[in-house]
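These figures come from a predicted structure and were not determined experimentally. Only this structure's heavy atoms are used, side chains among them; waters, hydrogens and symmetry mates stay out. In what follows, residues are counted from 1 in the order of the sequence shown.
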Amino acid sequence: MHDHAHPWTTTPITPGLLRGALDLERTAHGVLPHRLPARARAQCADGQLAMAESQPSGVRLVFRTRATAVELDTLPTKRVYAGAPPRPDGVYDLLVDGRPAGRGTVPGGNTLFIDMGSGTFDGRPGPVGTLRFTGLPERDKTVEIWLPHDETTELVALRTDAPVEPAPDPGRAVWLHHGSSISHGSDAESPTATWPALAAALGGVELVNLGLGGGALLDPFTARAMRDTPADLISVKIGINLVNTDLMRLRAFTPAVHGFLDTLREGHPTTPLLVVSPLLCPIHEDTPGPSVPDPGSLAEGRLRFRAAGDPAERAAGKLTLAVIRDELSRVVTQRAADDPHLHHLDGRSLYGEADFAELPLPDGLHPDAAAHRRIGERFAALAFANGGPLSPPPAV
């Protein structure tokens with residue numbers, strides 16, 4: 001419903017209106033934000049990573065306007081998992097001058113059918129939908145629309161009832177973070193409620209979230225993307241995906257960690273860099289991967305994961321979370337002797353035994369909304385607080 005008392009202004013969606021994306025691809029419908037650049041995407045033939053990096057976790061439209069009404073046409077891609085219950089529509093969060101001011105969803109869109117058993121993906125096209133926010137205060141303000149953290153979202157058109165201009169740089173430190181689906185925001189309530197978004201808000205920093213569901217695998221192209229991305233503070237959370245996928249043995253893991261950190265240091269030689277080991281995850285503490293869906297849970301209509309490895313295989317170099325934690329601690333201690341800006345954080349200080357007892361992992365792998373909040377608060381207190389490894393420089 002267009003209010004003819006206010007003529008609508010359509011504003012092209014350009015990189016200057018977006019934060020948290022590393023690339024903007026032109027599509028038949030509009031533009032698609034990406035969290036990995038084209039060169040990195042070209043070096044990976046993995047459908048899971050292609051899906052994860054196109055899901056705009058931490059990506060937001062940010063602009064200044066006097067508009068009281070905003071419409072955003074988008075083409076979402078909804079995921080349907082074989083045998084699993086239907087997923088809710090992706091959530092958009094509206095912030096006005098940094099404060100929550102609304103939430104919405106967009107119906108319709110494309111559908112991606114995923115069979116985790118066979119690893120197949122089947123896409124079907126669907127219609128563009130519209131997100132609408134009205135009743136905004138009629139004054140100059142900064143408007144942020146955080147895109148759904150776990151739903152690929154093509155941006156088709158931005159309409160407002162007053163002109164739009166890019167918001168000025170807030171002068172905050174830029175925090176570049178890479179991790180697994182937990183950092184991506186799996187099972188968080190909304191895009192501003194993923195643990196990295198919560199931690200960034202509490203720490204007063206600008207988030208670039210390279211949390212990639214299933215994709216924190218020490219890939220060289222991800223390290224190069226991070227090397228080439230401007231950042232004041234960097235963190236990498238390493239471990240759970242390497243166990244999930246049973247991708248490498250200890251012999252390959254140690255040099256891969258060194259190589260990843262070496263690449264980061266090529267572009268950011270003295271930037272505060274925090275290496276975070278895995279959160280507690282009981283199924284994989286001492287049992288290697290891969291992680292597989294528990295068939296019994298699918299029959300009950302809810303997905304749970306189990307560890308399919310054998311603890312005896314640790315002797316042959318198979319990775320568990322306990323093995324990874326020990327090795328990350330050793331590697332960071334070794335490197336920190338020559339790199340005073342490199343730090344280590346045991347992931348169990350963010351989510352450990354007591355947290356698991358109180359806020360268990362519903363599917364065996366991923367924290368729920370309440371646990372995301374706790375992890376975000378803990379990370380802000382441990383990393384961003386004065387004297388913390390990522391305490392931001394004073395705002396300019």
SB check [X] [Y] (cutoff 4.0 Å):
X: Arg348; Y: Asp346; result: yes
X: Arg378; Y: Asp355; result: yes
X: Arg79; Y: Glu151; result: no

### Task
Quick one: do Thr74 and Val128 satisfy side-chain contact (heavy atoms from CB on, under 4.5 Å)? Show the steps, please.
CA-CA 6 Å; Thr74 72; Val128 170; over 6 Å; no
Self-check item: same_hphob_cluster(Leu210, Leu242) at 4.5 Å side-chain heavy-atom cutoff
Solution: yes
### Message
Between Leu212 and Leu261, is there shared hydrophobic-cluster membership here, with clusters defined by ILVMFWY side-chain heavy atoms closer than 4.5 Å?
### Response
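Shared cluster, no.
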**Prompt:** Does the gap between the ring centers of Phe379 and Phe384 come in under 6.0 Å?
**Reply:**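 Ring centres of Phe384 and Phe379 closer than 6.0 Å.
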I'd like to know whether Thr142 forms a side chain to side chain donor-acceptor pair (under 3.5 Å) with Arg64, so could you lay out the CA-CA distance, the side-chain angles of the two residues, the decisive distance to 0.1 Å, and finally the verdict.
CA-CA 5 Å; Thr142 298; Arg64 294 286 293 176; 2.9 Å; yes
Should Glu25 and Glu154 be marked as a side-chain contact (heavy atoms from CB on, under 4.5 Å) after you check the CA-CA gap, both sets of side-chain angles, and the distance that decides it? CA-CA 9 Å; Glu25 178 192 359; Glu154 288 182 58; over 6 Å; no
Looking at every heavy atom in both [X] and [Y], which two are closest together, and how far apart are they?
X: Val164; Y: Leu17; value: CG1-CD2, 4.3 Å
X: Val62; Y: Ala167; value: CG1-CB, 3.7 Å
X: Val174; Y: Pro230; value: CG1-O, 3.8 Å
X: Leu49; Y: Cys44; value: CD2-SG, 3.6 Å
X: Ser183; Y: His177; value: OG-NE2, 2.8 Å

Walk me through whether Arg227 and Asp262 qualify under salt bridge (Lys or Arg N to Asp or Glu O under 4.0 Å). CA-CA 10 Å; Arg227 174 194 69 191; Asp262 284 347; over 6 Å; no
| Would you say Thr153 and Tyr92 make side-chain contact, with heavy atoms under 4.5 Å? |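 A side-chain contact under 4.5 Å exists here.
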Inset, instruction - Could you verify whether a donor N or O on one side chain and an acceptor N or O on the other, from Thr130 and Asp73, lie under 3.5 Å apart? - result: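 Looking only at side-chain atoms, Asp73 and Thr130 do form a donor-acceptor pair, the distance falling under 3.5 Å.
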field: Arg139 atom CZ, over 12 foreign heavy atoms within 6.0 Å
entry: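 Atom CZ in Arg139 is crowded, with more than 12 foreign heavy atoms closer than 6.0 Å.
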How about Arg249: does its CZ atom have over 12 heavy atoms from other parts shown lying under 6.0 Å from it?
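Counting other residues, nucleotides and ligands, CZ of Arg249 exceeds 12 neighbours.
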Tested for side-chain contact (heavy atoms from CB on, under 4.5 Å) against Leu273, the lone hit among Val332, Ile234, Leu390 is Ile234
Residue pairs passing the salt bridge (charged side-chain N to carboxylate O under 4.0 Å, His left out) test with at least one member in residues 204-223, sequence neighbours excluded, are Arg19-Glu206, Arg60-Glu206, Arg172-Glu206
message: Quick one, Glu189 with Arg103, criterion salt bridge (Lys or Arg N to Asp or Glu O under 4.0 Å). Give me CA distance, side-chain angles, the key distance, then yes/no.
response: CA-CA 11 Å; Glu189 179 188 351; Arg103 187 169 276 184; 3.0 Å; yes
_Could you go through His184 and Trp195, starting from their C-alpha distance and side-chain angles, then the distance that decides it, and tell me whether this counts as ring-ring contact (aromatic ring centres under 6.0 Å, His included)?_
CA-CA 9 Å; His184 188 140; Trp195 82 254; over 10 Å; no
Pair Arg41-His34, side-chain contact (heavy atoms from CB on, under 4.5 Å): steps then yes or no: CA-CA 9 Å; Arg41 302 197 303 273; His34 286 281; 3.3 Å; yes
request  = Apply the test side-chain contact (heavy atoms from CB on, under 4.5 Å) to residues Asp150 and Arg87: give CA-CA distance (whole Å), side-chain angles for both, the deciding distance (0.1 Å), then the verdict.
outcome  = CA-CA 11 Å; Asp150 58 355; Arg87 297 176 51 82; 3.0 Å; yes
